[in-house]
Amino acid sequence: MARIVSPSAPADADLGAELTEAPPPAEDAPLAEGGTFDAKPVPVLEPGFTHFVDGAQRSWRAMFHGMYPVTLAHTSAALLRRMDRQVEPPSASNYRGGLEAYVPAVEGLAEKLRQIAPTASIPVAEDDTGLAIALRMKKEIEAKRKEREMELCEGFRDGRLLVDGGLGEVMERVDEETELVGLVKSHQRQYFKSRDRQLTILNLKEGERTAMFVRESTGRQGKACYSFYLKLREGQGQGPLFGLARVEVPATERNLRQADAIAGWILAERAPLSLPDPRFHVLLYPIHLVEEHLKARQPSEAAIRGLLGI
């Protein structure tokens with residue numbers, strides 16, 4: 001089970017996201033498809049998704065009030081449509097975005113900053129440290145970005161939507177008949193524990209998937225769904241999770257029957273490569289286009305300095 005990897009790869013590359021707390025223990029999730037957690041070859045199909053949604057955020061430390069930070073953050077989300085094999089920029093109704101000031105709840109501070117941007121007040125306890133406030137702000141910024149994504153998903157009706165990330169919260173806000181697929185690029189939670197399941201994951205070849213299993217409901221992840229792992233790319237000298245994505249779909253009989261088709265549609269989105277993004281091995285190109293569009297609409301550092309008068 002051992003493998004040597006390139007020392008040039010970042011030590012935390014397989015996590016795909018910054019950990020702020022210890023992840024839950026690994027588990028062998030209950031199967032929804034077949035009797036064993038085995039590898040299944042997937043046919044590469046024509047692209048099957050009509051829309052793609054993702055969100056972005058960027059923040060700047062604007063000032064301090066004593067030891068408490070004040071942060072400016074731009075959060076956004078966009079829904080892109082594919083027509084005739086071309087991904088179109090979002091219409092005005094398919095974009096959400098804006099700049100806000102995240103301010104510790106100190107008397108008079110929020111009012112002074114409203115001339116710069118709408119303010120979000122962060123509660124402060126008597127014994128809070130600056131780090132505690134900074135972490136609270138980070139969670140609020142992430143929640144704002146996620147809310148913008150949810151608004152776009154909530155209004156989606158016609159077509160087949162690929163969501164960057166899990167579906168638990170999305171499913172709580174859309175019609176049951178909406179065709180949704182979520183692509184999870186990081187693996188903070190591990191749904192394989194036994195030696196047999198670990199070997200299945202380690203031995204997945206490019207273009208293979210595992211059997212579907214049940215990703216059960218949790219307070220953090222929302223509604224339960226069906227899920228499977230999909231190997232998007234081989235990676236010589238890379239870690240065991242290189243090129244490995246986890247797919248989520250609503251827990252319906254239709255999705256159980258068309259698991260191979262869903263995996264095939266995803267494989268069709270691998271080209272062109274999403275370089276130079278270091279996540280290119282799991283970042284599908286249409287999602288990369290959404291991210292690039294959102295980054296282009298974020299304020300520059302010069303614009304932020306202008307707002308702050310520096």
Side-chain angles (χ1 to χ4, degrees), residues 16-17 23-40 42 48-55 77 79 142-143 145-147 149-157 159-193 197 200-201 204 208-232 241 244-267 269 282-284 286-287:
E27 61 174 338
D28 281 346
L31 292 179
E33 176 188 20
T36 57
F37 189 78
D38 55 354
K40 303 175 184 294
V42 175
F49 297 104
T50 62
H51 295 77
F52 307 88
V53 69
D54 196 8
L79 177 73
E142 291 173 348
R145 184 257 306 157
K146 186 175 290 186
E147 176 60 27
E149 294 176 34
M150 293 300 109
E151 288 177 9
L152 293 176
C153 292
E154 194 172 26
F156 179 77
R157 293 293 180 270
R160 184 178 292 120
L161 177 63
L162 181 64
V163 177
D164 185 58
L167 290 186
E169 292 179 288
V170 179
M171 292 188 299
E172 294 174 352
R173 298 176 60 166
V174 300
D175 188 274
E176 291 182 358
E177 298 303 314
T178 304
E179 292 198 64
L180 299 168
V181 176
L183 189 76
V184 182
K185 302 189 297 294
S186 62
H187 302 281
Q188 294 186 17
R189 191 170 188 132
Q190 185 176 305
Y191 296 94
F192 51 93
K193 178 181 180 182
R197 292 202 181 187
T200 297
I201 294 294
L204 277 179
E208 290 184 343
R209 70 173 179 90
T210 66
M212 260 192 188
F213 56 88
V214 180
R215 197 272 290 147
E216 297 180 322
S217 175
T218 68
R220 183 174 180 177
Q221 292 176 291
K223 290 182 69 172
C225 66
Y226 289 156
S227 186
F228 60 84
Y229 288 97
L230 177 63
K231 189 72 168 181
L232 297 175
L241 301 180
L244 185 72
R246 187 171 61 80
V247 180
E248 291 192 354
V249 294
T252 65
E253 283 297 323
R254 179 183 64 188
N255 285 329
L256 199 57
R257 291 193 303 269
Q258 65 179 12
D260 281 341
I262 292 168
W265 297 330
I266 292 172
L267 291 179
E269 304 292 355
V282 287
L283 179 61
L284 301 182
I287 296 296

Would you check if [X] and [Y] make a side-chain contact, meaning some heavy-atom pair closer than 4.5 Å?
X    : Y    : value
L267 : L230 : yes
T200 : T36  : no
M150 : V170 : yes

Tell me the closest heavy-atom pair linking [X] and [Y], and the distance in Å.
X    : Y    : result
C153 : V163 : SG-CG2, 4.3 Å
A263 : V42  : CB-CG1, 3.5 Å
A211 : F228 : O-CB, 3.8 Å
A29  : F213 : CB-CD1, 3.5 Å
C225 : M171 : CB-CE, 3.6 Å
A259 : M212 : CB-CE, 3.6 Å

Can you name the salt bridge (charged side-chain N to carboxylate O under 4.0 Å, His left out) partners of [X], sequence neighbours left out?
X    : value
E216 : none
K223 : none
E169 : K146
E172 : none

Counterpart residues, side chain to side chain contact (heavy atoms under 4.5 Å, CB included), relative to [X] (two or more places apart):
X    : answer
A143 : none
V181 : F49, L162, V247, V249, I262, I266
E142 : Q57, K138, R145

Exercise. Salt bridge or not for K185 and D164, using N-O below 4.0 Å?
Worked result: yes
Residues in side chain to side chain donor-acceptor pair (under 3.5 Å) contact with [X], at least two apart in sequence or another chain:
X    : value
T252 : N255
R246 : S227, E248
T210 : none

For this session: Decide yes or no on side chain to side chain contact (heavy atoms under 4.5 Å, CB included) for F52 and L161, but give the supporting numbers first.
Result: CA-CA 6 Å; F52 307 88; L161 177 63; 5.6 Å; no
Exercise. Could you walk me through whether R173 and E149 pass the salt bridge (Lys or Arg N to Asp or Glu O under 4.0 Å) check?
Worked result: CA-CA 11 Å; R173 298 176 60 166; E149 294 176 34; over 6 Å; no
Problem set entry | Pairs satisfying salt bridge (Lys or Arg N to Asp or Glu O under 4.0 Å), at least one member in residues 253-266, at least two apart | R209-D260
For this session: I would like to know whether L284 and L183 meet side chain to side chain contact (heavy atoms under 4.5 Å, CB included); could you show each step before the answer?
Result: CA-CA 9 Å; L284 301 182; L183 189 76; 3.7 Å; yes
Exercise. Rounded to the nearest 0.5 Å, what separation is found between the OG1 atom of T50 and the CD atom of E179?
Worked result: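 The CD atom of E179 is 8.5 Å from OG1 of T50, to the nearest 0.5 Å.
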For this session: Go through the structure and list residues passing ring pair (Phe, Tyr, Trp, His ring centres under 6.0 Å) with F156, not counting sequence neighbours.
Result: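 By the ring pair (Phe, Tyr, Trp, His ring centres under 6.0 Å) rule, F156 matches H51.
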Exercise. Do the rings of Y229 and F192 sit parallel, tilted or perpendicular, given the 30° and 60° boundaries?
Worked result: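 Correct class here is perpendicular.
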